[in-house]
Protein chains: 2
Amino acid sequence: MEELQFAEYLRHTGLKLTRARRVILQEAFRTHGHFDAEALYSRLKKRRAGVSRATVYRTLPLLVNSNLVRKLDLGEGRSTFEHTLGHPHHDHLVCIDCGSVFEFHNPKIETLQQGICKEFDFEMLSHSQQIYGRCKDCRRK
Amino acid sequence: MEELQFAEYLRHTGLKLTRARRVILQEAFRTHGHFDAEALYSRLKKRRAGVSRATVYRTLPLLVNSNLVRKLDLGEGRSTFEHTLGHPHHDHLVCIDCGSVFEFHNPKIETLQQGICKEFDFEMLSHSQQIYGRCKDCRRK
DNA sequence: GTACCTGCAAAGGCTTTGCATCGGC
DNA sequence: GCCGATGCAAAGCCTTTGCAGGTAC
């Protein structure tokens, strides 16, 4: 279960497993699909979880560093997140007209990326790839 | 020359080629490597080019749409740009410790990306890919 | 002459931070 | 008990916008 992995990461980094962090972790995993910091915070607020916005912002990077959550940049001027368990790695096609996001996964690309990292003697921690364009529905208009 | 391409784009879109836009275009091409809006604006200011920050922010998207400039998301909370002429398409390895950015280009990945777009019936306009990790120098420490 | 463009300053949206208090370990 | 964590509100960035005057075509 994900809390173990988080606890392990925190211990390893000398940080504490607090109530707020547990609640944020749970909410991130309760959410399927993409979410941003504000959305996560609103849901906690609605449930009167007693966690502040600042703590949400402080905790999300920890979840990312522990590889439980992935940070995405969908070009909207804010960070988007998704949890990783049961969501194998994938990348995104983003329609610049309607904002639709399509997910794709391509193992061959990943293999090539690993080759590139080897070439640069670079330790890959995460990677993301966005393709911006127009989806078929928007092209029809 | 790049101004022709920009003029062509503007005409096609029903926009005007103004002095401010010309100056911003030139400054973008005078800059080699990455730059952000603020950096471009400071350089113009230093030269007393008489162009406002607002106009820089309004013009950069036009340069991006005309394919003269590429917009990057290097995960720093702001947009980074680079001009495209003489800079063939490439992607980035970003070191999360020291911030170094290494460029790479891989035609095989591009071919695979095109295949993905075909599969989704998606018209690719641009794409970018970042790999976050640790460079060899930072790993030594 | 008509749209469109510009500069300025203010507003906006997202995120970080200072500080006093609280709480894991 | 110590050092990190939290909440709150304020501050910080980057970026966008309203408006009055200017300008390409």
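A note on names: the letters A, B, ... follow the listed sequences, proteins ahead of strands, and every chain is numbered from 1. What's counted below: heavy atoms across the whole structure, side chains too, no hydrogens, waters or symmetry copies.
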Would you sort out whether A/Lys71 and A/Glu82 count as a salt bridge (Lys or Arg N to Asp or Glu O under 4.0 Å), showing the intermediate values? CA-CA 7 Å; A/Lys71 179 178 171 184; A/Glu82 62 187 6; over 6 Å; no
Are the ring centres of A/His34 and A/His92 closer than 6.0 Å? yes
DNA chain C contacts among residues 14-32 of chain B, heavy-atom distance under 4.0 Å: B/Leu15, B/Lys16, B/Thr18, B/Ala20, B/Arg21
To the nearest Å, give me how far apart CG (B/Leu72) and P (D/dC14) are. 16 Å
May I ask you to decide whether A/Glu27 forms a salt bridge with A/Arg47, counting only side-chain N to carboxylate O separations under 4.0 Å? yes
Nucleotide of D/dT15, D/dC8, D/dG18 approaching B/Ser79 most closely (side-chain heavy atoms): D/dT15
Residue list, side-chain contact (heavy atoms from CB on, under 4.5 Å) with A/Thr111, at least two apart or on another chain: none
Would you tell me whether A/Gln26 and A/Glu2 have side-chain atoms, one donor and one acceptor, within less than 3.5 Å of each other? no
So, B/Glu123 and A/Lys136, do they make that salt bridge, N to O below 4.0 Å? no
Provide the closest heavy-atom pair for B/Arg21 versus B/Leu10 in the form atom of the first, atom of the second, distance. NH1-CD2, 4.2 Å
If you assign each of A/Gly77 and B/Val56 to its closest nucleotide in DNA chain C, which residue comes earlier from the 5' end? B/Val56
Distance, rounded to the nearest Å, where A/Arg78 contributes CZ and D/dT15 contributes P: 15 Å
Just checking, is any N or O donor in the side chain of A/Thr31 or A/Arg43 under 3.5 Å from an acceptor N or O on the other one? yes
Outermost nucleotides of DNA chain C that come under 4.0 Å of a non-hydrogen atom of chain A: C/dC14 to C/dC25
